[in-house]
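Reminder, nothing fancy here: chain letters follow the sequence lines and each chain counts from 1. Owing to the predicted nature of the structure, the values given are computational and were not obtained by experimental measurement. Basis for what follows: all heavy atoms, side chains included, without hydrogens, waters or symmetry-related copies.
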Number of protein chains: 2
Amino acid sequence: MLNLRVKKTIFVFSALILALLALFQVSKYSYARGNASIEAIIAVVAVVFLFIGLYINKSRSKKVVTPTNRAVNHGKIEELGLSKREYEVLLEISKGLSNKEIGEKLFVTESTIKTHVSNILVKLDVKRRTQALQKAKELQIIPV
Amino acid sequence: MLNLRVKKTIFVFSALILALLALFQVSKYSYARGNASIEAIIAVVAVVFLFIGLYINKSRSKKVVTPTNRAVNHGKIEELGLSKREYEVLLEISKGLSNKEIGEKLFVTESTIKTHVSNILVKLDVKRRTQALQKAKELQIIPV
DNA sequence: ACGGCACTCATACGAAAGTACCATTCCAAT
DNA sequence: ATTGGAATGGTACTTTCGTATGAGTGCCGT
């Protein structure tokens, strides 16, 4: 199963290769007809390849950076059976909010938040919210 | 005050500019004498600039990655007036332990831990232990 | 010797957090 | 149309957390 990122990468690289071929053809053609200076062609090629270099490394460094810190593992969230709302609550807990404050922020009562928190604790198999944070960090389901 | 990094950057870019000028001169010269094909020149330029692009982005992405994560800022701890023991307790909190559990781990009573926690909260200027964790992360005084 | 600080501990109280159950509503899948 | 999950919320109760206050001990520096 090809995910979105892979598809996008393939598309971008295909486009890139086509652009390069086109560029070479144009430069050759212009040169043959003598209506373009060699310096101009070289300058264009230089700029284009400079940007290609920048682009390649950007996507590569992103790939290197991502697994180390931030970035959320959505698979794990589903695996744990955490619902959307429960995950929202978990995020607010990680910001240090009390149940009451979370309720105000999400426009529900403290009771509701307590229910959610209780369910979160069960699903993460922990006893306290601080423990839940520790575990969530371990599982990389909350941003660092 | 120029630090090492800035000096290095200036040096690298100077060298880069010189190299470019040299490259242009060589290509012009070769072309004038007719002993180099235009395609070869373009290819060389392309490769060189591709690597330049790669290089620029490598140093840039390193700069982005490095300062973000782990490593404890000891200066901040002193600045906050956190005592050694208080900091120990803070670390245990970040592991998700209850006051009672922390007491057992550090061989003191829960009362003592409560006192420490209270002092920590005051010094970090927060109301709850979860908030303390959030703030401690911000200040980079606990490992991520 | 004295003051100040870190660390320890206790009691008492109030505020959050968490548990257990139950009930209602709504939406989506069968 | 029925069912099951998700979200909501309420009551009642227990546990944990946090505050306030006071107090004892030991150490370090003046």
Within less than 4.0 Å of OP1 or OP2 of C:dA16, is there a side-chain N or O belonging to B:Arg128?
no
In whole angstrom, give the distance that lies between atom NZ of B:Lys114 and atom P of C:dA16.
15 Å
Could you state the CD1-P distance from B:Ile102 to C:dC9, rounded to the nearest angstrom?
14 Å
Residues A:Tyr87 and A:Ile142: closest non-hydrogen pair is OH-CA, 4.2 Å
Check the phosphate of C:dA6 against B:Ser83, side-chain N and O only, distance under 4.0 Å to OP1 or OP2. Yes or no?
no
Whole angstrom value for the distance that separates C1' of D:dA6 from NZ of A:Lys84
12 Å
For atom CD of A:Glu110 and atom P of C:dT19, their distance in whole Å
14 Å
A:Ser118 side chain near C:dT19 phosphate (N/O to OP1/OP2, under 4.0 Å)
yes
Between A:Thr109 and A:Thr112, a side-chain donor and acceptor under 3.5 Å
yes
Here's a test of your reading of the structure: between A:Lys100 and B:Asn119, which maps to the more 5' nucleotide of DNA chain C?
B:Asn119
What distance do B:Ser83 atom OG and B:Ile120 atom CD1 have between them, rounded to the nearest 0.5 Å?
8.0 Å
Counting only side-chain N and O atoms of B:His116, is one of them less than 4.0 Å from OP1 or OP2 of C:dT8?
yes
When rounded to the nearest 0.5 Å, the distance separating CD of A:Gln134 from CG of B:Leu97 is 9.0 Å
Taking only side-chain nitrogens and oxygens of A:Ser111, does any of them come within less than 4.0 Å of OP1 or OP2 of D:dG9?
no
Could you state the CD1-P distance from B:Ile93 to D:dT16, rounded to the nearest angstrom?
16 Å
Nearest-Å distance for atom pair CG/C1', residues A:Asn99 and D:dG10
15 Å
Separation of D:dA7 atom P from A:Leu90 atom CG, nearest Å, is 13 Å
What nucleic acid atoms does A:Thr112 come within less than 4.0 Å of, heavy atoms only: base, sugar-phosphate, or nothing?
base
Between A:Ser98 and C:dA15, is there a contact of a side-chain N or O with OP1 or OP2 at under 4.0 Å?
no
Rounded to whole Å, please give me the gap between NZ in B:Lys127 and P in C:dA16.
10 Å
Out of B:Gln131, B:Arg128, B:Lys127, which one pairs with A:Glu101 under the side chain to side chain donor-acceptor pair (under 3.5 Å) rule?
B:Arg128
Would you indicate, yes or no, if C:dC9 has its OP1 or OP2 atom less than 4.0 angstrom from a side-chain nitrogen or oxygen of B:Thr115?
no
